[in-house]
Amino acid sequence: MQQFHKIQIKIEFDFKILVWFEFCRVWKLKSFSESRMPSDNVVALPSAISSLGSEVRQLRKARQLTLKQLSEEAGISLSHVSAIERGVSKPSVDVLQAIASALSVTPDWFFARRAGAGPMEQAFVVRAQNRRALNTLYGQDAAELGYTDHLLSSSIGGQFYMGMAVYAPHSERPEDPLQKHEGEEHGLVLEGELEMQIGDEFITLRAGDSYSFDARIPHHARNRTDQVCWLIWAVSPVVIPKDVVEPQASDRETSS
């Protein structure tokens, strides 16, 4: 048993090294950043194949895709995608890239840094320097979205997820500002001032103010001041579709 355990550890270690070098080589050759926006995420290998599979499964569900839909969009067999998600199959770099493209992210999203002295800390604690950039999931940078967003939750696999948005002075979403989606939104302004639009009503929020509303109501937020605004927010359920923009009135009239 001891010899088998050593062999198992060696296989896992060799796999980590192989994936790391292959990932770096392909990243340099194919230049993923040319096809997707730059990512602020920290690139790190998961502690096991199952961690990678869990990240894939969480994002697939957040995108509201079935296993079949993901396999079709990625051009990979359903059984292979299922095996990857269950942590019983190690994907090649090309397969990982195909899955990432189907989910509209770069592969580094699946390699969240899990620092910590023990397994509980590694699984559930997010150090400030290890926060993942949510703009990567939105497919929009700060100029397009109007703010930068970082994930505070340790995963997107729960019933809700929490993040921190930073609105630069005089920042707002320049095009199609209103958005809506299923679930609820909750927020607390930590610092600065934020103008929140909920439906047809405009509300000014200041440090210490909070809100909760049905996210199916078209909404938007902007910073009209000369100071940075920091916002802590929580959204339930974890649904991150590729497009949550509410069509403008002119667009609705054109399509009708």
(message) Let me check something: do Leu188 and Tyr167 share a hydrophobic cluster, defined by ILVMFWY side-chain heavy atoms less than 4.5 Å apart, either directly or through other members?
(response) no
(message) Distance check, rounded to the nearest 0.5 Å: Ile198 atom CD1 versus Ile203 atom CD1?
(response) 4.0 Å
Donor-acceptor pairs under 3.5 angstrom involving side-chain atoms of residues 225-232: please list them, not counting sequence neighbours.
{"unit_1": "Thr225", "atom_1": "OG1", "unit_2": "Asn223", "atom_2": "OD1", "d": "2.8"}
{"unit_1": "Thr225", "atom_1": "OG1", "unit_2": "Gln227", "atom_2": "N", "d": "3.2"}
{"unit_1": "Thr225", "atom_1": "OG1", "unit_2": "Gln227", "atom_2": "O", "d": "3.2"}
{"unit_1": "Asp226", "atom_1": "OD1", "unit_2": "His170", "atom_2": "NE2", "d": "2.4"}

(message) Run the side-chain contact (heavy atoms from CB on, under 4.5 Å) test against Ser155 and tell me which residues pass, sequence neighbours left out.
(response) Gln58
(message) Main chain of Glu184, side chain of Asp214: is a donor-acceptor contact present, judged purely on distance under 3.5 Å?
(response) no
(request) Kindly give the heavy-atom pair with the smallest separation between Ala100 and Thr106, and that separation in Å. (result) CB-C, 3.9 Å
(request) Over all heavy atoms of both residues, which pair between Ser104 and Arg63 is shortest? Give the atoms and the distance, please. (result) O-NH2, 3.6 Å
(message) Could you check whether any side-chain N or O of Ser92 sits under 3.5 Å from a backbone N or O of Val95, counting only pairs where one atom can act as donor and the other as acceptor?
(response) yes
(request) Verify, without hydrogens or angle tests, whether Arg113 (side chain) and Asn130 (backbone) share a donor-acceptor contact under 3.5 angstrom. (result) no
(request) Kindly indicate whether the side chain of Arg216, heavy atoms from C-beta on, has any atom under 4.5 Å from the side chain of His181. (result) no
(request) Of all the heavy-atom pairs spanning Val126 and Leu152, show the shortest one and how long it is. (result) CG2-O, 3.7 Å
(message) Tell me whether Arg132 is salt-bridged to Glu55, with the criterion being a basic N under 4.0 Å from an acidic carboxylate O.
(response) yes
(request) Taking all heavy atoms of Pro237 and all of Tyr161, pick out the closest pair and write down the distance. (result) O-CE2, 4.4 Å
Donor-acceptor pairs are to be reported for all side-chain atoms of residues 204-212 against protein atoms at under 3.5 Å, with residues two or more places apart or in another chain.
{"unit_1": "Arg206", "atom_1": "NE", "unit_2": "Glu193", "atom_2": "OE1", "d": "3.3"}
{"unit_1": "Asp209", "atom_1": "OD2", "unit_2": "Arg206", "atom_2": "N", "d": "2.8"}
{"unit_1": "Ser212", "atom_1": "OG", "unit_2": "His186", "atom_2": "ND1", "d": "2.7"}

(request) Could you give me the CA-CA distance, side-chain angles and deciding distance for Val239 and Gln64, then say whether side chain to side chain contact (heavy atoms under 4.5 Å, CB included) is met? (result) CA-CA 7 Å; Val239 176; Gln64 295 183 294; 3.3 Å; yes
(message) Using the rule that Ile, Leu, Val, Met, Phe, Trp and Tyr join whenever any side-chain heavy atoms are under 4.5 Å apart, tell me whether Tyr138 and Met162 fall into a single cluster.
(response) no
(message) How long is the straight-line distance from CG of Leu59 back to CD1 of Ile156, given to the nearest 0.5 Å?
(response) 5.0 Å
(message) If hydrophobic clusters are built from ILVMFWY residues whose side chains come within less than 4.5 Å, do Leu145 and Val166 share one?
(response) no
(message) Assigning hydrophobic clusters by single linkage (Ile, Leu, Val, Met, Phe, Trp, Tyr; side-chain heavy-atom cutoff under 4.5 Å), is Leu67 placed with Ile240?
(response) yes
Mind listing the side-chain donor-acceptor pairs of residues 74-83 below 3.5 Å, one per line with the distance, residues two or more places apart or on another chain?
{"unit_1": "Ser77", "atom_1": "OG", "unit_2": "Ser79", "atom_2": "OG", "d": "3.4"}
{"unit_1": "Ser77", "atom_1": "OG", "unit_2": "His80", "atom_2": "N", "d": "3.2"}
{"unit_1": "His80", "atom_1": "NE2", "unit_2": "Ser89", "atom_2": "OG", "d": "3.4"}
{"unit_1": "Ser82", "atom_1": "OG", "unit_2": "Arg86", "atom_2": "NE", "d": "3.2"}

(message) As an exercise, state the distance from CD of Glu85 to CG of Leu52, rounded to the nearest 0.5 Å.
(response) 10.0 Å
(message) Just by distance, no angles: are the side chains of His219 and Gln197 close enough, under 3.5 Å, to form a donor-acceptor pair?
(response) no
(request) Please report the closest heavy-atom contact between Met164 and Asp149, naming both atoms and the distance. (result) O-OD1, 3.2 Å
(message) Ignoring hydrogens, what is the shortest heavy-atom contact between Val238 and Gly158? Give both atom names and the distance.
(response) CG2-O, 3.4 Å
(message) Return the CZ to CG distance between Phe110 and Leu96, rounded to the nearest 0.5 Å.
(response) 6.0 Å
(request) Could you grab the distance from atom CD of Glu73 to atom CG of Leu70, nearest 0.5 Å is fine? (result) 7.0 Å
(request) Using the test side-chain contact (heavy atoms from CB on, under 4.5 Å), find all partners of Ser236 that sit at least two apart in sequence or belong to another chain. (result) Phe160
(request) Kindly indicate whether the side chain of Asp141, heavy atoms from C-beta on, has any atom under 4.5 Å from the side chain of Thr148. (result) no
(request) Under the side-chain contact (heavy atoms from CB on, under 4.5 Å) rule, collect the residues that match up with Glu195, sequence neighbours excluded. (result) Phe202, Arg222, Arg224
(message) Check whether Thr136 reaches the backbone of Ala133 with its side chain - one donor and one acceptor, N or O, closer than 3.5 Å.
(response) yes
(message) Whether Arg127 and Glu121 form a salt bridge (side-chain N of Lys/Arg under 4.0 Å from carboxylate O of Asp/Glu) is what I want to check.
(response) yes
(message) Once rounded to the nearest 0.5 Å, what's the spacing between atom CE of Met196 and atom NE2 of His220?
(response) 9.5 Å
